[in-house]
Amino acid sequence: MMSGGFAAFIIGWVIIMVVLLSIGGFFMFRKFLKRLPKEDGKSDMDWEEYYLEKSKHMWGDKEKQLLEDLVSPVPELFRDIARQKIASKIGEVALKKNRKKITQDVIIEGYIIATPKRDHKFLIKTLEQKNIDLTPYQYLFHEQT
């Protein structure tokens with residue numbers, strides 16, 4: 001016969017395991033969806049890797065440090081993923097504008113585009129702390145859906 005305390009412990013443990021497995025499964029499923037090819041035959045992650053590879057020679061030390069400063073508010077667990085996503089979007093912007101080097105304006109534009117709309121409040125706060133004028137980028141906040 002099980003005691004009441006032990007039964008409660010087992011039930012609690014089962015609930016915790018189901019919740020943790022559900023959270024892990026959610027993130028694995030999201031990553032799986034990012035790996036699925038789109039109409040052009042490449043997945044979102046393929047495009048991220050493409051833009052990172054094509055633009056990695058364009059980054060200077062000052063620009064890399066700015067990127068690090070911009071992703072620093074992201075929780076450490078997700079920082080590498082955020083850095084890759086933002087850097088690839090910055091690379092995409094630089095390549096589409098035929099830039100030879102990544103500059104602060106390209107970084108800010110890519111950062112705004114890569115950041116989900118729900119996080120724009122934190123994005124604006126971070127850029128204002130760096131004394132970056134957002135006036136030239138206002139149109140980017142209104143373009144995103």
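FYI, side chains are in, hydrogens and waters are out, and symmetry mates aren't considered; it's all heavy atoms of this structure.
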Polar side chain donor-acceptor pair, Asp69 to Gln65, under 3.5 angstrom: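 Yes, side-chain donor-acceptor contact under 3.5 Å.
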For [X], is the [atom1] atom crowded, meaning more than 12 foreign heavy atoms sit under 6.0 Å from it?
| X | atom1 | answer |
| --- | --- | --- |
| Glu76 | CD | no |
| Lys56 | NZ | no |
| Lys42 | NZ | yes |
| Asp40 | CG | yes |
| Lys125 | NZ | no |

Trace of the salt bridge (Lys or Arg N to Asp or Glu O under 4.0 Å) decision for Arg99 with Asp105: CA-CA 11 Å; Arg99 298 288 177 91; Asp105 63 313; 3.3 Å; yes
What's the separation between atom [atom1] in [X] and atom [atom2] in [Y], rounded to the nearest 0.5 Å?
| X | Y | atom1 | atom2 | value |
| --- | --- | --- | --- | --- |
| Leu67 | Tyr111 | CG | OH | 9.5 Å |
| Leu134 | Glu128 | CG | CD | 6.0 Å |
| Ile108 | Leu70 | CD1 | CG | 5.5 Å |
| Glu48 | Lys89 | CD | NZ | 8.5 Å |
| Lys96 | Tyr51 | NZ | OH | 4.5 Å |
| Glu63 | Gln104 | CD | CD | 8.5 Å |

Trace of the side-chain contact (heavy atoms from CB on, under 4.5 Å) decision for Met28 with Phe32: CA-CA 6 Å; Met28 287 177 62; Phe32 168 74; over 6 Å; no
What's the shortest heavy-atom distance between [X] and [Y], and which atoms?
| X | Y | result |
| --- | --- | --- |
| Val71 | Arg79 | O-NE, 3.5 Å |
| Ser55 | Gly91 | OG-CA, 3.4 Å |
| Gly110 | Val93 | CA-CG2, 4.1 Å |
| His120 | Ile112 | NE2-O, 3.7 Å |

State yes or no: do [X] and [Y] share one hydrophobic cluster built from I, L, V, M, F, W and Y residues joined by side-chain heavy-atom distances below 4.5 Å, directly or via other members?
| X | Y | answer |
| --- | --- | --- |
| Ile81 | Leu77 | no |
| Val106 | Phe141 | yes |
| Ile23 | Met17 | no |
| Leu52 | Met45 | no |
| Ile132 | Tyr139 | yes |

Plane angle bin for Trp47 and Tyr50 - parallel if under 30°, tilted between 30 and 60°, otherwise perpendicular: perpendicular
Verdict with supporting geometry, Thr115 and Phe122, side-chain contact (heavy atoms from CB on, under 4.5 Å): CA-CA 10 Å; Thr115 303; Phe122 300 108; over 6 Å; no
Beyond-backbone contact of Asp46 with Lys38, side-chain heavy atoms, under 4.5 angstrom: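 Answer no - side chains too far apart.
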